[in-house]
S.K.: 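So that we are looking at the same thing, I have put the structure below in C-alpha cells.
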Amino acid sequence: MGEKGLLMRFWRIAAFLALVGLGAVIMAMRIQNAWNNRPLVVELVVPPAFAVPRGFDFGRYRLSWLGHGFSIHAQGQPAQVLWAVQGGFVGAGNGHRREREGYWQSRLVERRDLLCLEQSLESFERQGDRLILRGHLRCGNGMVSPYRVTFSDDHWQGVRLSVEVTDSRLNRLYLSWSRELGERFLEPAKVVSRADAADGRAVFAEPGEGGRDAGCLVSTLRTFCAASESFQWIDLVSQTDVRLEVRDRQLVAYLSGNAGGAMPLHQVPK
C-alpha cells in the first residue's frame, strides 16, 4: 500500500472515530436530558391512624381524607371535586440552570442536583377558615425538611392553596394532583395534548408574565391558577395526574370550578 493509500486509510479511521465519539456525546446528552426531565413520583408515608377516612371543614369547603389521598370540594357538593390527590403530592429538590452550547445557539437547561421524593403526612390542623397539613420531606442524601400545605377559604377566588418547604437549601418544588378519566385541558378553541408541547412539558408561568389568565390551568372540570412569580413548568403527559415544577420552595395557587378561562401554554424552546 502506497503512501497515498495509507493517508486515505488514516483519514477514514479518524473520521470513523470522530463519528463514534460524536454519537457517544449525543447519547450522553440525551440520557442526561431524560434524567433531568423524567416524571417525578413522590412516595407518601402516613401513620397507621390515618388509614381511617375522615373529613375536615374549612370555611365553605371540605377536605375528605380517604386513607392515602384526599379530595377537596364545597360542603354539600362532594361530586364537584376542585382538587384531589392520590399518594404523594409534594416533593422538593435542589437544582440550577446552566448554559449548554449547541450547534447553532446556546440554551439554558435544568439540572437536578438533589431530589426529595419521600413525603410524610403527620398532622391536620384547622385554624378557622384554614386547614394546615404538615409533614417532612426526605431527600436522596438523607436530608429532611419540614413542609406545610395550607388550604383556606378565599371567599372570592375559591380555595387558596399555599405550599412551603422550610429548608432554604432547597430551591425546587414539585406538586402533583389527580386527573380524572376523560378530563381535558383547554386553550382557546382547542384541547391541549402532548403534541402541543415538546416532550409533553411546557412553560406554565414565568416571572413578569401578565394577563388575567397567566398561570391558569383550565380543564373541563376545574381551574388551577398559580399566583406565584416563580418560573413554572407543567407536565400533562400522564392520563392519571398533573405535575407542576416550581423553581422556588414555595407556591400560592387558587382552586375553583371551571370558569371558562384560558390556559396560556407556551411551547418549550428546543
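Nothing fancy with the numbering, it's 1 onward along the sequence. These figures come from a predicted structure and were not determined experimentally.
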S.K.: Indicate, with yes or no, if V165 and I132 share a hydrophobic cluster defined by side-chain heavy-atom contacts under 4.5 Å among Ile, Leu, Val, Met, Phe, Trp and Tyr.
M.R.: no
S.K.: Does the structure place the NZ or CZ of R60 under 6.0 Å from the centre of the six-membered ring of F58, at an angle of no more than 45° from the ring's axis?
M.R.: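 Not satisfied by the 6.0 Å and 45° rule.
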S.K.: Starting from the C-alpha separation in whole Å, work towards a yes-or-no answer on side chain to side chain donor-acceptor pair (under 3.5 Å) for H73 and S64.
M.R.: CA-CA 8 Å; H73 51 84; S64 295; 3.0 Å; yes
S.K.: Just verifying a value: how many Å separate L161 CG and I72 CD1, rounded to the nearest 0.5 Å?
M.R.: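 That separation rounds to 7.5 Å.
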S.K.: Do S178 and Q86 pair up side chain to side chain, a donor and an acceptor below 3.5 Å, judged on atom types alone?
M.R.: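 No, no side-chain donor-acceptor pair sits under 3.5 Å.
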S.K.: Search all heavy atoms of L44 against all heavy atoms of G88 and return the closest pair with its distance.
M.R.: CB-N, 3.4 Å
S.K.: What heavy-atom pair brings G76 and P78 nearest, and what distance separates the two atoms?
M.R.: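 Heavy-atom minimum between the residues: C-CD, 3.4 Å.
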S.K.: Answer whether the closest heavy-atom distance between the side chains of V90 and L173 falls below 4.5 Å.
M.R.: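 Heavy-atom side-chain distance check passes, below 4.5 Å.
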S.K.: Between S238 and R243, is the side chain to side chain contact (heavy atoms under 4.5 Å, CB included) condition met? List the steps.
M.R.: CA-CA 9 Å; S238 172; R243 300 184 180 99; 3.9 Å; yes
S.K.: Q127 and E125: side-chain donor and acceptor closer than 3.5 Å?
M.R.: yes
S.K.: For a quick test of reading the model, state the closest non-hydrogen atom pair linking A227 to Y254 and the distance between them.
M.R.: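 Heavy atoms only, the tightest pair is CB-CE1, 3.9 Å.
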S.K.: Rounded to the nearest 0.5 Å, what's the gap from CG on L181 to OG1 on T240? Could you check?
M.R.: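 It comes to 10.5 Å.
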S.K.: Treat each ILVMFWY residue as a node, draw an edge where side-chain heavy atoms are under 4.5 Å apart, and state whether W65 and V163 are in one component.
M.R.: yes
S.K.: Is the shortest side-chain heavy-atom distance between N94 and R172 below 4.5 Å?
M.R.: no
S.K.: Do V252 and L170 sit in the same hydrophobic cluster, where Ile, Leu, Val, Met, Phe, Trp and Tyr count as joined when their side-chain heavy atoms come under 4.5 Å apart?
M.R.: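 Shared cluster, no.
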S.K.: Applying the ring pair (Phe, Tyr, Trp, His ring centres under 6.0 Å) test to F70, which of Y61, F56, F89 qualifies?
M.R.: F89
S.K.: For the residue pair Y147 and D167, establish whether any side-chain heavy-atom pair is separated by less than 4.5 Å.
M.R.: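 Contact flag for Y147/D167 side chains = no.
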S.K.: When you measure from the side chain of T223 to the backbone N and O of G257, does any donor-acceptor pair fall under 3.5 Å?
M.R.: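 Yes, because the side chain of T223 sits within donor-acceptor range (under 3.5 Å) of the backbone of G257.
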S.K.: Look at the side chain of S152 and the backbone N and O of D154, then say whether any donor-acceptor pair between them is shorter than 3.5 Å.
M.R.: no
S.K.: In the structure I gave you, are the side-chain heavy atoms of D235 and E245 within less than 4.5 Å of one another anywhere?
M.R.: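 No - every pair of side-chain heavy atoms lies 4.5 Å or more apart.
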S.K.: Which of parallel (below 30°), tilted (30 to 60°) and perpendicular (above 60°) describes W83 and F224?
M.R.: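 Rings of W83 and F224: parallel, as their planes differ by under 30°.
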S.K.: Under 4.5 Å between side-chain heavy atoms, counting indirect links through other Ile/Leu/Val/Met/Phe/Trp/Tyr residues: same cluster for L133 and V159 or not?
M.R.: yes
S.K.: Any side-chain to backbone donor/acceptor pair from R222 onto V81? Under 3.5 Å, distance only.
M.R.: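 Indeed, once roles are kept as given, a pair shorter than 3.5 Å links the two residues.
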S.K.: State, yes or no, whether a side-chain contact exists between L40 and L117 at a heavy-atom distance under 4.5 Å.
M.R.: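 A side-chain contact under 4.5 Å exists here.
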S.K.: Going by heavy atoms in the side chains, are F185 and L221 under 4.5 Å from each other?
M.R.: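 No, too far: nothing below the 4.5 Å cut-off.
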S.K.: State, yes or no, whether a side-chain contact exists between T166 and R148 at a heavy-atom distance under 4.5 Å.
M.R.: no
S.K.: Taking the side chain as everything from C-beta on, heavy atoms only, tell me whether Q75 gets closer than 4.5 Å to D57.
M.R.: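 When only atoms from C-beta onward are counted, D57 and Q75 do touch, with a gap below 4.5 Å.
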S.K.: For the residue pair L137 and A92, what are the closest heavy atoms and their distance?
M.R.: CD1-CB, 3.7 Å
S.K.: Indicate yes or no: does R134 engage E164 in a salt bridge with an N to O separation below 4.0 Å.
M.R.: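 No.
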S.K.: With clusters defined by side-chain heavy atoms of hydrophobic residues (ILVMFWY) lying less than 4.5 Å apart, directly or transitively, does V85 cluster with L82?
M.R.: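 Yes.
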S.K.: In sequence, state the C-alpha distance, the side-chain angles, and the governing distance for V45 and E118, and then conclude on side chain to side chain contact (heavy atoms under 4.5 Å, CB included).
M.R.: CA-CA 7 Å; V45 179; E118 182 180 311; 4.2 Å; yes
S.K.: Look only at the side chain of R247 and the backbone of N171, and say whether a donor-acceptor pair between them is shorter than 3.5 Å.
M.R.: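 No, R247 side chain to N171 backbone: no donor-acceptor pair under 3.5 Å.
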S.K.: Is there a donor in the side chain of H155 and an acceptor in the side chain of D129, or the other way round, less than 3.5 Å apart?
M.R.: yes
S.K.: Is R54 atom CZ crowded by more than 12 heavy atoms from other residues, nucleotides or ligands, each under 6.0 Å away?
M.R.: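 More than 12 within 6.0 Å, yes.
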S.K.: OG/S71 to CD/Q80 distance, rounded to the nearest 0.5 angstrom?
M.R.: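 Nearest 0.5 Å value for the OG-CD distance: 12.5 Å.
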S.K.: Can you check side chain to side chain contact (heavy atoms under 4.5 Å, CB included) on V149 and L121, steps first, answer last?
M.R.: CA-CA 10 Å; V149 176; L121 179 57; over 6 Å; no
S.K.: Quick check on the 6.0 Å ring-centre criterion: do F124 and F50 meet it?
M.R.: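 Yes - the distance between ring centres of F124 and F50 falls below the 6.0 Å cut-off.
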S.K.: Charged N to carboxylate O under 4.0 angstrom, R179 versus D241?
M.R.: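 No salt bridge links R179 with D241.
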S.K.: Roughly how far apart are S145 OG and H136 NE2, rounded to 0.5 Å?
M.R.: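 One gets 7.5 Å once the value is rounded to the nearest 0.5 Å.
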S.K.: Please walk me through it: do Q157 and S256 pass side chain to side chain contact (heavy atoms under 4.5 Å, CB included)?
M.R.: CA-CA 7 Å; Q157 301 184 72; S256 62; over 6 Å; no
S.K.: In Å, rounded to the nearest 0.5 Å, how long is the span from OG of S162 to CD of Q250?
M.R.: 7.5 Å
S.K.: Can you tell me how far CG of L217 sits from CD of Q232, rounded to the nearest 0.5 angstrom?
M.R.: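 Going from the CD atom of Q232 to the CG atom of L217 covers 11.0 Å.
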